[in-house]
Amino acid sequence: QVQLVESGGGSAQAGGSLRLSCTASGYTYSTKYMGWFRQAPGEEREGVATIVTRGGRTYYADSVKGRFTISQDNAKNTVYLQMNSLKPEDTAMYYCAAGVNVIFFAPLAPESFGDWGQGTQVTISS
């Protein structure tokens, strides 16, 4: 099992930037990919971005392409989400997740991920 701790959430104005961090501990050697998801009140959890730990291939939701960047520092077992040009509709709880399933791998589907952090709130005002 992998433990995930997010940080970096907070409040920002529309057009501003925030950077989220997610540090993993535990059985990290088995992790094949890590992702960021978000969930607004009354909404379903939505995949935002995913990165494959070996090779660094990335995947993004259409709603964040060109604005968000996922990256990783494998030496620190940390994944980042740089969020630029933020919009009020980006307001949500953001979760970090880790996955190991290479047979069923849908990069932005919550079902592909087995370990989750507690989340960090992002609030964007207009």
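If you read the sequence from its start, that first residue is 1, and numbering goes on from there.
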For the student: nearest non-hydrogen atoms of [X] and [Y], plus distance:
{"X": "Gly47", "Y": "Ala61", "answer": "O-CB, 3.3 Å"}
{"X": "Ala12", "Y": "Leu86", "answer": "CB-CD1, 4.4 Å"}
{"X": "Ser63", "Y": "Glu46", "answer": "OG-OE2, 3.5 Å"}
{"X": "Ala92", "Y": "Ala40", "answer": "CB-N, 3.9 Å"}

[X]: what forms a side-chain hydrogen bond (donor to acceptor under 3.5 Å, both in side chains) with it, not counting sequence neighbours?
{"X": "Thr23", "result": "Thr78"}
{"X": "Arg57", "result": "Tyr59"}
{"X": "Tyr60", "result": "none"}

Are [Y] and [X] co-members of a hydrophobic cluster defined by side-chain heavy atoms under 4.5 Å apart?
{"X": "Leu81", "Y": "Leu4", "result": "yes"}
{"X": "Val64", "Y": "Val52", "result": "no"}
{"X": "Phe113", "Y": "Trp36", "result": "no"}

Quiz prompt | Selection residues 11-37 - residue pairs positive for salt bridge (charged side-chain N to carboxylate O under 4.0 Å, His left out), sequence neighbours left out | solution = none
Quiz item: For Tyr27, what are the other residues in its hydrophobic cluster, where any two members join if their side-chain heavy atoms are less than 4.5 angstrom apart?
Solution: Tyr29
List the atom pairs, with distances to 0.1 Å, where a side-chain N or O of residues 95-111 and a protein N or O form a donor-acceptor pair under 3.5 Å, not counting sequence neighbours.
unit_1	atom_1	unit_2	atom_2	d
Asn101	OD1	Ile103	N	2.9
Asn101	OD1	Phe104	N	2.9

Quiz item: Is there any disulfide (SG to SG under 2.5 Å) pair reaching into residues 54-84, and which pairs are they, with sequence neighbours excluded?
Solution: none
Quiz item: Which side chain to side chain donor-acceptor pair (under 3.5 Å) pairs, counting each pair once, include a residue from residues 81-94, with sequence neighbours left out?
Solution: Ser17-Asn84, Arg38-Asp90, Arg38-Tyr94, Arg67-Asp90, Gln82-Asn84
Exercise. Answer whether the closest heavy-atom distance between the side chains of Leu20 and Glu6 falls below 4.5 Å.
Key: no
Spacing of [X] atom [atom1] and [Y] atom [atom2] [to the nearest 0.5 Å]:
{"X": "Thr120", "Y": "Met93", "atom1": "OG1", "atom2": "CE", "answer": "7.5 Å"}
{"X": "Ile70", "Y": "Ile51", "atom1": "CD1", "atom2": "CD1", "answer": "5.5 Å"}
{"X": "Thr69", "Y": "Tyr80", "atom1": "OG1", "atom2": "OH", "answer": "14.0 Å"}

Self-check item: Contacts of type side-chain contact (heavy atoms from CB on, under 4.5 Å), residue Ser125, not counting sequence neighbours
Solution: Gln13
Practice problem: Please name all residues satisfying side-chain contact (heavy atoms from CB on, under 4.5 Å) with Gln1, sequence neighbours left out, ordered by chain then number. | Solution: Gln3, Asp115
Quiz item: Please, which pairs that meet ring-ring contact (aromatic ring centres under 6.0 Å, His included) have at least one residue in residues 4-24, sequence neighbours excluded?
Solution: none
Quiz item: Could you go step by step and tell me if Trp116 and Phe37 meet the ring-ring contact (aromatic ring centres under 6.0 Å, His included) rule?
Solution: CA-CA 10 Å; Trp116 293 84; Phe37 292 77; 4.9 Å; yes
